[in-house]
Amino acid sequence: MNFRNILLHSSILGVLAIGESLCLLTGNFDLSIGSILAFAGILGALIAKWKIPSLITIIIMLFIGLGAGFLNGILIRKIKLNAFVATLITMLAWRGTAMGIVGGRTIWDLPEGLRLLGSGTIKGFPIQILIMLSLFVFFHIALTQTKFGRHIYIVGDNEVAAYNSGINTDKVIIIVFTISGTLSAFAGLLMIGRLNAASPTYGSDILFDAMSAAIIGGISLHGGIGNLLMALGGVILLSIISNMLNLYGVSPYWATTVRALLLLIAVLLDTIKRRLVRYE
């Protein structure tokens with residue numbers, strides 16, 4: 001196995017896993033990441049077909065993701081919907097809208113400027129790998145070295161205590177979901193760039209891989225525990241396992257079962273870890 005190929009295979013999943021990890025650290029999760037990826041990709045491809053400059057198209061795509069993530073945050077914190085219900089609604093809405101806009105069709109042959117980040121290279125090294133690694137480093141530093149990052153951990157550990165200590169918990173969670181939506185749109189940009197096509201079905205099966213990678217990497221389902229570098233390890237581990245299963249000709253159906261077992265093990269370990277901390 002070529003480690004560069006593993007990183008390349010991991011890049012889109014890694015970008016999504018960052019956003020999902022941030023949500024999990026606050027004690028929430030985002031089911032809509034794959035649908036935002038597809039919706040932003042479809043709109044970006046359509047806008048590009050109208051001969052709009054690629055830079056403007058990319059900015060519009062990111063704002064689409066930002067708006068979708070912000071909507072999730074508002075539904076959860078201001079409308080007071082459960083995170084599962086809110087992001088399930090938006091997951092179905094964005095996927096259905098993407099399907100409806102193009103009638104389920106795939107848009108091919110995208111402009112070179114829109115494909116650059118997804119398929120371009122710097123001295124033979126894929127740009128999207130550099131982007132993924134840079135994003136992990138950036139958000140790891142933000143989580144560990146900034147006031148806002150500390151607030152994310154505090155809110156995830158005990159939201160009531162965080163509120164009583166003066167932290168604007170609504171603001172923290174809304175910002176986290178906004179970041180998740182923006183990263184989902186960015187992952188959509190990378191995907192359509194890599195494949196030179198946009199389809200409303202893209203990202204339909206990537207949600208649970210992103211959640212699995214985060215949890216396998218040590219991000220707690222209950223919030224407040226974990227770090228992004230370990231989540232990166234979870235992303236790479238999933239990609240290595242997928243590569244090994246492909247090399248040995250294992251059916252993709254069994255590959256899904258293997259990922260499910262890994263997720264089960266990670267959840268059990270997280271539960272045991274939480275109980276040990278509670279009894280200390």
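- Within 6.0 Å of atom CZ in Phe63, 12 or fewer heavy atoms from other residues, nucleotides or ligands are found, so the atom counts as exposed in its surroundings.
- Under the 4.5 Å side-chain heavy-atom criterion for grouping Ile, Leu, Val, Met, Phe, Trp and Tyr, Leu92 is connected to Leu75 within one hydrophobic cluster.
- Side-chain contact between His151 and Thr146 is absent, with no heavy-atom pair separated by less than 4.5 Å.
- Here the side chains of Phe186 and Leu190 are in contact, with some heavy-atom distance below 4.5 Å.
- Between the side chain of Lys80 and the backbone N or O of Arg77, at least one donor-acceptor pair lies under 3.5 Å.
- Scanning both residues, Ile47 and Ile52, for their nearest heavy atoms gives O-CG1, 3.4 Å.
- In this structure a side-chain-to-backbone donor-acceptor pair under 3.5 Å is missing from Asn72 to Thr87.
- For Val250 against Trp254, the heavy-atom pair with the smallest separation is CG1-CB, 3.7 Å.
- The CG atom of Leu114 sits 6.0 Å away from atom CG of Leu189, with the distance rounded to the nearest 0.5 Å.
- Arg115 places no side-chain N or O within donor-acceptor distance of the main-chain N or O of Arg194, the cut-off being under 3.5 Å.
- Contact of the Val102 side chain with the Leu46 side chain is registered, since non-hydrogen atoms from C-beta on lie closer than 4.5 Å.
- Put simply, the side chain of Leu183 does not reach to within 4.5 Å of the side chain of Leu16, judged on heavy atoms.
- Between Asn28 and Phe84, every side-chain heavy-atom pair lies at or beyond the 4.5 Å cut-off.
- Here the closest non-hydrogen pair linking Ser21 and Ala214 is OG-CB, 3.3 Å.
- Side-chain contact between Thr57 and Trp50 is absent, with no heavy-atom pair separated by less than 4.5 Å.
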Hey, mind stepping through Tyr202 and Leu195 against side chain to side chain contact (heavy atoms under 4.5 Å, CB included) and telling me if it holds?
CA-CA 10 Å; Tyr202 286 172; Leu195 302 177; 3.6 Å; yes
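- For the pair Arg150/Thr144, no side-chain contact is recorded, criterion being any heavy-atom separation below 4.5 Å from C-beta on.
- Summarising the geometry of Ala45 relative to Ala198, their closest heavy-atom pair is CB-CB, 3.6 Å, with the distance given to 0.1 Å.
- Neither Met230 nor Ile18 shares a network with the other; the hydrophobic side chains, linked directly or stepwise wherever heavy atoms of I, L, V, M, F, W or Y lie under 4.5 Å apart, form separate groups for each.
- Side-chain atoms of Glu20 come within 3.5 Å of backbone atoms of Asp30 as a donor-acceptor pair (strictly under, hydrogens ignored).
- Residues Met61 and Leu55 do not share a hydrophobic cluster, defined by chaining ILVMFWY side chains whose heavy atoms lie under 4.5 Å apart.
- Within the 4.5 Å cutoff, side-chain heavy atoms of Asn227 are placed close to those of Tyr153.
- Side-chain atoms of Ser199 come within 3.5 Å of backbone N or O of Thr201 as a donor-acceptor pair.
- Heavy atoms from other residues, nucleotides or ligands lying under 6.0 Å from NZ of Lys171 number 12 at most.
- No chain of hydrophobic side-chain contacts below 4.5 Å, direct or via other Ile, Leu, Val, Met, Phe, Trp or Tyr residues, connects Ile36 to Leu66.
- Rounding to the nearest 0.5 Å gives a distance of 9.5 Å between CG of Leu133 and OG of Ser10.
- No option in Leu117, Leu7, Leu8 other than Leu8 meets the side chain to side chain contact (heavy atoms under 4.5 Å, CB included) test with Gln128.
- Here the CD1 atom belonging to Ile152 is positioned 5.0 Å from the CG atom belonging to Leu143, to the nearest 0.5 angstrom.
- Of the possible polar contacts, none joining the Ser119 side chain to the Leu116 backbone as a donor-acceptor pair under 3.5 Å is found.
- A distance of 5.0 Å separates CZ of Phe39 from CD1 of Ile101, quoted to the nearest 0.5 Å.
- Contact detail for Cys23 and Phe29: the closest heavy-atom pair is CB-CA, 4.1 Å.
- Under the 4.5 Å side-chain heavy-atom criterion for Ile, Leu, Val, Met, Phe, Trp and Tyr, Ile206 and Leu88 are members of the same hydrophobic cluster.
- Counting all heavy atoms, side chain and backbone alike, Ala161 lies closest to Asn158 at N-OD1, 3.0 Å.
- Atoms CH2 and CD1, on Trp94 and Ile64 in that order, are 9.0 Å from each other to the nearest 0.5 Å.
- With rounding to the nearest 0.5 angstrom, the CG atom of Leu71 is 9.0 Å from the CD1 atom of Ile79.
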